[in-house]
Amino acid sequence: MTSPQTGRIGVQRPTPISAPRTSVRAVASALGAAAVRVPEVTVGAAAFAVSAAFAWVPSLWYDEGATVTSATRSWPQLWAELHNVDAVHGLYYVLMHIWFWLVGYTPMTLRLPSALAIAVAAGLVVALGRRLGGRRLGIAAGVVFLVLPRVVWAGGEGRPYATITTLAVGLTLVGVAAARRARPGVPWSRVGLAWWVGYGLLATVAVVFNVYLALVVVSHAVTLAWTLLSQRASARATDRTAGVTTGSEGPAPIVTRGLVRSWFAAGVGAAVLAAPVVVEVMAQSKQVAWIGGIGWATVRQVFSTAWFGGSMLFAATAWVCMVLAVVLVVRAVRKPAVTARDLVRAQALRVVLPIVVVPTGVLLVVTALGKHLYSPKYATLSLPFVALLVGLALTAIRPRAALVVAVLAIVAVSIPSTIAVKTPHAKQDSYWANAAAIVERQRAQTPDADEGVIYGSVWKHPTTTTQIIRDAYPRAFAGMTDLAATTSGAETGRLWDTNGDIATTVPARLGDIDTVWYLGSKARDIQPDVTSTLDAEGFHVAGYWRTGSVVITEYARAPR
């Protein structure tokens, strides 16, 4: 018996699997696609990178010193302070107190929350731009926002201005979302009510964080009024064209009486909730006594400082774009044949322009009437809307390649100012970091010395002592005895300590101290009194340094 013939079965050999080749072009394409899909995240990340880069380099200055002094106090001390001064920044100080408790204080941790706030604000600018005018407007405005000189400044500043911009654009975005859910044809629902409740609560938080944010709510009222007037004018024009007197069917109105009532209820609710803080802030209005009246300097501040950090080239470029945006949109809606795109851009202008104009305009008018409130720092809440207005001009450019070139040109114009705010002495020409470094270096040469310190005046801030430098750079002054302070700011609810009479206070505290440091400036100079008092106690000048406006003197006791 033989076995059956089976024949030969051919088996195809598997093709070796090779690793996929990844080209630079493929990676760039993938990254570009991701950036386009989620532009809010992409632009926000870029904004954080720009704001946080080298944020540790500039020396701290007066306003940042006030943040450190306040936020590093105990809860009872901070509460007492806010009842006397800086209630306008109270919520910011509370948040920074918690932040320092979590991560500790350094100049970088002081500024990091601002960089994060700018990142969020940039993402919200993109989101708002997309809702108002489409993807192009959102991305263009987001890129312009992250390179605005004042935005880069705020993102590296240990003050609340970055968060103020975030709250301004966030509140507007919530308002736009709430308004869209209140249009005719959309049934009233719990979702719509929730958006208006959210608007009211966010407005409350915003005003408590900074009372000037109430001007954003006022600007929203201007937007509603402007839109209503535009709708009525459009309806009358439609009636005349149709030759009827009773009105004709047209597009559903954007703003209705019901929407206005909802906004008004949310606004009134926010005003009631925020009223106690507003009253406290108004009672401390003497804090802004340093603000001057209207003058030629104000023109420069409005034109270049408030939004563009003093960069005349960037300011001129941005102002041309903003004016052009208004002209182009107004001309477009006056054409005989108005397109849907024209109408969308017109409504975007009605949302954006009031928040650019109203806050600055109100503060200027009030200042001109004698209540000095305008400062370029307080105009930062308009920064997202300045970027959106510039974006409206840029997105009128066709084709897409030309738009990209225009945006890149704006970025290029911003480079000098972006670099300038990262330099060591960018903040009010402050040399505090240098002064602290000198003291720390010299102290390291005699680590076992018993040392005291006398804090003199601070340049341009007559009621403050150089204790603020110690607060900003505490490591350099660790272990020193304050020989002159007789009143503690922390214990009395004030920002700064107060020195007593040098001739009587200092000698009683010298004890075994063999080295005394003096930090001051040439303004309200108390160094002659310090020198004569220490000379009588057997001290002589062992070293003298001057860095910027800070004067440093080391006194050593003669051997006993």
(message) Let me confirm one number: the CG-CE distance from Leu78 to Met96, rounded to the nearest 0.5 Å.
(response) 12.0 Å

(request) May I ask you to decide if Thr106's main-chain N or O and Thr109's side chain share a donor-acceptor pair within less than 3.5 Å? (result) yes

(message) Has Tyr105 got a side-chain atom pairing as donor or acceptor with Ala472's backbone, closer than 3.5 angstrom?
(response) yes

(request) Would you mind reporting whether Ile291 and Tyr378 have side-chain heavy atoms less than 4.5 Å apart? (result) yes

(request) List the atom of Tyr473, the atom of Ala436, and the distance in Å for their closest heavy-atom pair. (result) CB-CB, 3.6 Å

(message) Please report the interatomic distance CZ(Arg111) to CG(Leu116), rounded to the nearest 0.5 Å.
(response) 14.5 Å

(message) Under the criterion side-chain contact (heavy atoms from CB on, under 4.5 Å), I'd like the reasoning laid out for Val386 against Met322: C-alpha separation, chi angles, the key distance, then a yes or no.
(response) CA-CA 8 Å; Val386 170; Met322 289 192 290; 3.8 Å; yes

(message) With rounding to the nearest 0.5 angstrom, report the CG to OG1 distance, Leu483 to Thr533.
(response) 11.0 Å

(message) Centroid separation under 6.0 Å, is that true for the rings of His83 and Trp79?
(response) yes

(request) Please confirm whether the backbone N or O of Val550 pairs with a side-chain atom of Thr547, one donor and one acceptor, at under 3.5 Å? (result) no

(message) Using side-chain heavy atoms (C-beta onward) and a distance below 4.5 Å, is Phe385 in contact with Thr172?
(response) yes

(request) Test side-chain contact (heavy atoms from CB on, under 4.5 Å) on Tyr544 and Val551 and set out the steps. (result) CA-CA 8 Å; Tyr544 176 84; Val551 173; 3.4 Å; yes

(message) So, taking the atom named CG in Leu213 and the one named CG in Leu167, what distance separates them when rounded to the nearest 0.5 Å?
(response) 6.0 Å

(request) State, to 0.1 Å, how close Val281 and Ala87 come at their nearest heavy-atom pair, and which atoms those are. (result) CG2-C, 3.9 Å

(request) Check Leu388 against Ala141 and note the closest heavy-atom contact, atom names and distance. (result) CD2-CB, 3.5 Å

(request) Please check if any side-chain donor atom of Trp496 sits under 3.5 Å from a side-chain acceptor atom of Thr464, or the reverse. (result) yes

(request) Using modelled atom types only, decide if a donor and an acceptor are shared between the side chain of Lys377 and the backbone of Ala306 within a distance under 3.5 Å. (result) no

(request) Report, as yes or no, whether the 6.0 Å neighbourhood of atom CH2 on Trp296 holds more than 12 heavy atoms from other residues, nucleotides or ligands. (result) no

(request) Look only at the side chain of Thr466 and the backbone of Leu519, and say whether a donor-acceptor pair between them is shorter than 3.5 Å. (result) yes

(request) Kindly say whether the aromatic ring centers of Trp153 and Tyr161 come within a distance under 6.0 Å. (result) yes

(message) I want to check something: taking the side chain as every heavy atom from C-beta on, are Leu110 and Trp99 in contact at a cut-off of under 4.5 Å?
(response) no

(request) Check whether the side chains of Glu280 and Gln284 place a donor and an acceptor atom closer than 3.5 Å, and report yes or no. (result) yes

(message) Around atom CZ of Arg524, are there more than 12 heavy atoms from other residues, nucleotides or ligands closer than 6.0 Å?
(response) no

(message) With a 4.5 Å cut-off on side-chain heavy atoms, are Val411 and Val143 touching?
(response) yes

(message) On a heavy-atom basis, which atom in Cys321 and which in Val390 lie closest, and how many Å separate them?
(response) CB-CG1, 3.9 Å

(message) To the closest 0.5 Å, what do you measure between CD1 (Ile139) and CG (Leu394)?
(response) 13.0 Å

(request) Determine yes or no for a side-chain-to-main-chain donor-acceptor pair under 3.5 angstrom, with Arg443 supplying the side chain and Ala478 the backbone. (result) yes

(request) For a side chain to side chain contact (heavy atoms under 4.5 Å, CB included) with Ile468, tell me which candidate from Tyr455, Tyr62, Trp61 qualifies. (result) Tyr62

(message) For Trp545 and Tyr431, I'd like to know if the aromatic rings sit close, meaning centre-to-centre distance below 6.0 Å.
(response) no

(message) I need the Phe314 CZ to Leu148 CG distance, nearest 0.5 Å.
(response) 5.0 Å

(message) Under a 3.5 Å threshold, yes or no: a donor from one side chain and an acceptor from the other, between Arg300 and Thr305?
(response) no

(request) State, to 0.1 Å, how close Ala121 and Thr166 come at their nearest heavy-atom pair, and which atoms those are. (result) CB-OG1, 3.5 Å

(message) Side chains of Ser430 and Ser59: any donor to acceptor distance under 3.5 Å?
(response) yes

(request) Kindly indicate whether the side chain of Thr423, heavy atoms from C-beta on, has any atom under 4.5 Å from the side chain of Val57. (result) no

(request) Compare all side-chain heavy atoms of Ser549 with those of Lys460 and state whether any distance is below 4.5 angstrom. (result) no

(message) Is it the case that the side chains of Ser457 and Ser521 hold a donor-acceptor pair, with the cut-off being a distance below 3.5 Å and no angle test?
(response) yes

(request) Indicate yes or no: at least one non-hydrogen side-chain atom of Glu554 is less than 4.5 angstrom from one of Glu451. (result) no

(request) Examine distances only and state if a side-chain atom of Thr367 and a backbone atom of Leu373 form a donor-acceptor pair shorter than 3.5 Å. (result) yes

(request) Go through the steps for Ser114 and Arg159 under the test side-chain hydrogen bond (donor to acceptor under 3.5 Å, both in side chains), then give the verdict. (result) CA-CA 7 Å; Ser114 293; Arg159 294 298 280 172; over 6 Å; no

(request) Identify the heavy atoms of Lys427 and Pro58 that sit nearest to each other, and give their distance. (result) CE-CB, 4.0 Å

(message) Donor-acceptor check, side chain of Arg470 to backbone of Phe477, threshold 3.5 angstrom: yes or no?
(response) no

(request) Please answer whether the main-chain N or O of Arg73 pairs with a side-chain N or O of His97 as donor and acceptor at a distance below 3.5 Å. (result) yes

(request) Verify side-chain contact (heavy atoms from CB on, under 4.5 Å) between Val506 and Glu537, making sure each step is shown before the conclusion. (result) CA-CA 10 Å; Val506 172; Glu537 297 296 324; over 6 Å; no

(request) Apply side-chain contact (heavy atoms from CB on, under 4.5 Å) to Val356 and Trp307, showing your working. (result) CA-CA 10 Å; Val356 173; Trp307 299 324; 3.7 Å; yes

(message) If we check side chain to side chain donor-acceptor pair (under 3.5 Å) with Thr69, which of these qualifies: Asp86, Asp471, Asp497?
(response) Asp471

(message) Has Thr531 got a side-chain atom pairing as donor or acceptor with Pro528's backbone, closer than 3.5 angstrom?
(response) no

(message) Is any side-chain heavy atom of Val516 closer than 4.5 Å to one of Ile454?
(response) yes

